[in-house]
Number of protein chains: 2
Amino acid sequence: MNPNRPSSNRPVYLKLRDQIAAAIIDGDYPEGAMLPSVRALAAEQGANPLTVAKAYQQFQNDGLVEVQRGVGMYVVKGAAERLRAREREVFLRDEWPEIRNRMKRLGLDPADMAIST
Amino acid sequence: MNPNRPSSNRPVYLKLRDQIAAAIIDGDYPEGAMLPSVRALAAEQGANPLTVAKAYQQFQNDGLVEVQRGVGMYVVKGAAERLRAREREVFLRDEWPEIRNRMKRLGLDPADMAIST
DNA sequence: ATGGCTGTATTATGGCACTGATGCACCTCG
DNA sequence: CGAGGTGCATCAGTGCCATAATACAGCCAT
């Protein structure tokens, strides 16, 4: 009923993409490490290999992973920091203003919610 | 490419819905006032009447507007406050946790961004 | 070299959301 | 009563998403 912000009803390939990006930034996939194969991750996540490939696609285009055909995909050196910088920029430019307006309208102040939860 | 938070690539009926909700909360459509007709708003926004009707749909279901068939749709008394309360609850429960995690990962602190921009 | 692992390309299919065009049912006003 | 304004139902078209079944291309350890 509410196809909105919640990540629940989002395309699978985008959820995977976000999940992998988070893992890279957090160092769960360290630089130089090999990402799970499309088939392996597909099996683990109960998805289709091509869907996983689609999730990986963007990281290749951005040069954050190196593809060794027949071997696997490896996290490029400096990928974590570059990815974080890029995501931060996008967040501040595209997402935060809207979120801020929304909160203001709802009578919420980010400053009051720093530690809360 | 990124059907995500940015309101740019979101369904039209959802953008309209948000826009109308904001107008109600802000009092641009006061209680008791008649909302723009589906055709009028459609023409103004360059959208299809049915798309506008779909945007209005949810407000009817939630009892925030009263439909007088053949006449128009009117903002129910107390709609603004009820709407804001409901939106705030949804935001805090569904959206904010994810946003907070995301910001934390990106090295951003809501407290530092109260006035910024 | 061969088996087994990688990523990739191709094509087809089903489902679903979004948008659109048309026509109908209802009400108000002159 | 008729004209013009409402909302609403129905049907159709389009595109994206996800899946599937294969097949191909490259690498590596045995």
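These values consider heavy atoms only, across backbone and side chains, with no hydrogens, waters or symmetry-generated copies.
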Same cluster for [X] and [Y] if Ile/Leu/Val/Met/Phe/Trp/Tyr side chains link at under 4.5 Å?
| X | Y | result |
| --- | --- | --- |
| L92(B) | M113(B) | yes |
| L16(A) | Y74(A) | no |
| F59(B) | V67(B) | yes |

Whole-Å gap separating P (dG7(D)) and CG (N61(B)): 15 Å
Gap between atoms CE and C1', on M73(B) and dT6(D) respectively (whole Å): 11 Å
Given [options], identify the nucleotide with an atom nearest to the side chain of [X].
| X | options | result |
| --- | --- | --- |
| N48(A) | dC8(D), dT22(C), dT19(D) | dT19(D) |
| V71(A) | dG7(D), dC28(D), dA21(D) | dC28(D) |
| L50(A) | dA21(D), dC8(D), dG20(C) | dA21(D) |
| Y13(B) | dC27(D), dT19(C), dT8(C) | dT19(C) |
| V67(B) | dG7(D), dA21(D), dA9(D) | dG7(D) |

May I ask you to evaluate whether [X] reaches the phosphate of [N], defined as a side-chain N or O under 4.0 Å from OP1 or OP2?
| X | N | answer |
| --- | --- | --- |
| Q60(B) | dC8(D) | yes |
| K54(A) | dC17(D) | yes |
| Y56(A) | dG7(C) | no |
| Q68(A) | dC28(D) | no |
| T51(B) | dG20(C) | yes |

5' precedence on DNA chain C between M34(A) and A47(B) (nearest-nucleotide basis): M34(A)
Carboxylate-amine/guanidinium proximity below 4.0 Å for E98(B) and K15(A): no
Donor-acceptor pair under 3.5 Å, R39(B) side chain vs dG5(D) base: no
